[in-house]
Amino acid sequence: MPYGIVVVGEAMLELARNGEDWRLAYGGDTLNTAIHLARGGHPTAYLTALGSDPLSADLKAKWAAEGLDVSLVLDHPNRSTGLYAISTDAAGERSFTYWRDSSAARDLFSLDAVDVAMAKAEWAELLVLSLISLAILPDDGREHLLALASLVRANGGRVAFDGNYRPRLWRDQAEALTWRNRALACADIGLPTLEDEQALCGAPTAAAVAREWHDQGCAEVVVKLGADGCLLPGGQLIPPPARLAPVDTSGAGDAFNAGYLEARLRGAAPAEAALAGHALAGWTIMRPGAIPPRDS
């Protein structure tokens, strides 16, 4: 296997407040997870497309310095990398403004080099994608991504899927729900968030979310509940070790995903993996930015 983990999605430049100024960094739901996994020491590659400009080259260099394998990051000849700005309120809750409509990642599966990248990625031990990974793509790109997920499973790997639902990326709820369900039919590990599922389909409880995802074909479902913890397969609720007063909740769910998945790959039981996810999410929300710099 050339890669332990392959994570697929869109990475963007990130603008975050730094006093009266703005700080330029990077983020994106699956990228956040990929960086945390690479920091944890598990061989991780990121499959995406960036522009061919100096900012994109700088992003790749920074990701490589984090230990992320960037050999599957493709260069788009005439599109640029997307951008978003984060604003946070007094409670650390965030809101986003995006400039991503013509981002390079949206055209990933039209690039000539993607066939070689896909041939490598299909041998991953674990493929990680999200509903945002699907949302940014045209329909033919979505088909290619789900075909990759099926190939990973056929080759003995597993697929993890995060149901990140962002309404503005979809024509309507029905379109999002259709592609969510198709992804679940290809997934082994599901990582939904109750808040997203309530917005997407009106799910009343975490238990209802778990049942729905399992019925759609996903065997291992962990429902994220924010500050209340998570609901494991079998119905066990695992709260975080402590309730924190967050500085910035950006990337909390993505960090949980990384901690959980890395622990499961090491052979940890779901309850132990959930605590690893809570620990990493807790570290993240006490620092500004979706991927805080390493400090411990």
Side-chain angles (χ1 to χ4, degrees), residues 29-30 32-33 36 91-94 126 128-135 158-167 169-170 173-174 176-246 248-265 268-285 290:
D29 66 329
T30 55
N32 302 339
T33 296
H36 286 304
E93 288 299 324
R94 77 280 195 216
L126 177 69
V128 182
L129 66 147
S130 76
L131 194 56
I132 294 176
S133 305
L134 291 165
R158 289 185 287 175
V159 175
F161 176 67
D162 184 334
N164 272 342
Y165 174 53
R166 300 295 179 267
L169 295 177
W170 297 96
Q173 288 172 282
L177 192 59
T178 295
W179 286 99
R180 187 209 72 174
N181 289 346
R182 289 194 58 188
L184 288 178
C186 303
D188 301 282
I189 301 173
L191 296 160
T193 299
L194 177 59
E195 184 178 2
D196 287 342
E197 292 295 301
Q198 289 173 330
L200 177 58
C201 54
T205 63
V209 172
R211 284 194 301 272
E212 170 66 12
W213 278 48
H214 189 272
D215 289 346
Q216 292 293 335
C218 188
E220 181 178 330
V221 182
V222 179
V223 185
K224 292 174 284 185
L225 305 172
D228 292 328
C230 65
L231 186 72
L232 294 184
Q236 183 182 8
L237 178 65
I238 303 290
R243 279 193 175 262
L244 304 173
D248 183 352
T249 58
S250 303
D254 311 324
F256 176 90
N257 293 351
Y260 183 86
L261 292 171
E262 197 278 329
R264 291 293 281 140
L265 286 172
E272 180 184 345
L275 291 174
H278 289 328
L280 189 53
W283 176 86
T284 299
I285 66 174

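In this structure, OH in Y165 is found 11.5 Å from CD1 in I132, a value given to the nearest 0.5 Å. Between the CG atom of L237 and the CG atom of L225 there is a distance of 6.5 Å, given to the nearest 0.5 Å. Between the OH atom in Y260 and the CG atom in L275 there is a gap of 11.0 Å [rounded to 0.5 Å]. Here the CG atom belonging to L244 is positioned 11.0 Å from the OG1 atom belonging to T284, to the nearest 0.5 angstrom. Atom CG of L126 and atom CG of L261 lie 5.5 Å apart (nearest 0.5 Å). Rounded to the nearest 0.5 angstrom, T33 OG1 and N257 CG are separated by 4.5 Å.
Between I189 and C218, the shortest heavy-atom contact is C-SG, 3.5 Å. Here the shortest heavy-atom pairing between E197 and P192 reads CG-CB, 4.1 Å. Closest approach of C186 to V159, counting heavy atoms only: O-CB, 3.4 Å. In this structure, I238 and A271 approach most closely via the heavy-atom pair CD1-CB, 4.2 Å. Scanning both residues, A276 and A263, for their nearest heavy atoms gives CB-CB, 4.1 Å. Between G251 and N32 the shortest heavy-atom distance is CA-ND2, 4.0 Å.
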- [ ] Verify side-chain contact (heavy atoms from CB on, under 4.5 Å) between H36 and L280, making sure each step is shown before the conclusion.
- [x] CA-CA 9 Å; H36 286 304; L280 189 53; 3.8 Å; yes
TODO: Could you walk me through whether V209 and L194 pass side-chain contact (heavy atoms from CB on, under 4.5 Å), step by step?
DONE: CA-CA 7 Å; V209 172; L194 177 59; 3.9 Å; yes
TODO: Might you work through the side-chain contact (heavy atoms from CB on, under 4.5 Å) test for L177 and L200, ending with a clear yes or no?
DONE: CA-CA 7 Å; L177 192 59; L200 177 58; 4.0 Å; yes
TODO: Any chance you could lay out the salt bridge (charged side-chain N to carboxylate O under 4.0 Å, His left out) test for D228 and R243, step after step, and finish with the verdict?
DONE: CA-CA 8 Å; D228 292 328; R243 279 193 175 262; 2.3 Å; yes
Open item on the list: Does F161 form a side-chain contact (heavy atoms from CB on, under 4.5 Å) with L191? I'd like the steps, not just the answer.
Closed with: CA-CA 6 Å; F161 176 67; L191 296 160; over 6 Å; no
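The pair D188-R264 fails the salt-bridge criterion, with no side-chain N (NZ, NE, NH1 or NH2) lying under 4.0 Å from an Asp/Glu carboxylate O. Between D162 and K224 there is a salt bridge, since a side-chain N of the basic residue sits under 4.0 Å from a carboxylate O of the acidic one.
A heavy-atom distance below 4.5 Å is not found between the side chains of V223 and W213.
If you check the side chains of N164 and S130, you find no donor sitting under 3.5 Å from an acceptor.
Looking at Q216, Q173, E212 one by one, the single match for side chain to side chain donor-acceptor pair (under 3.5 Å) with R180 turns out to be E212.
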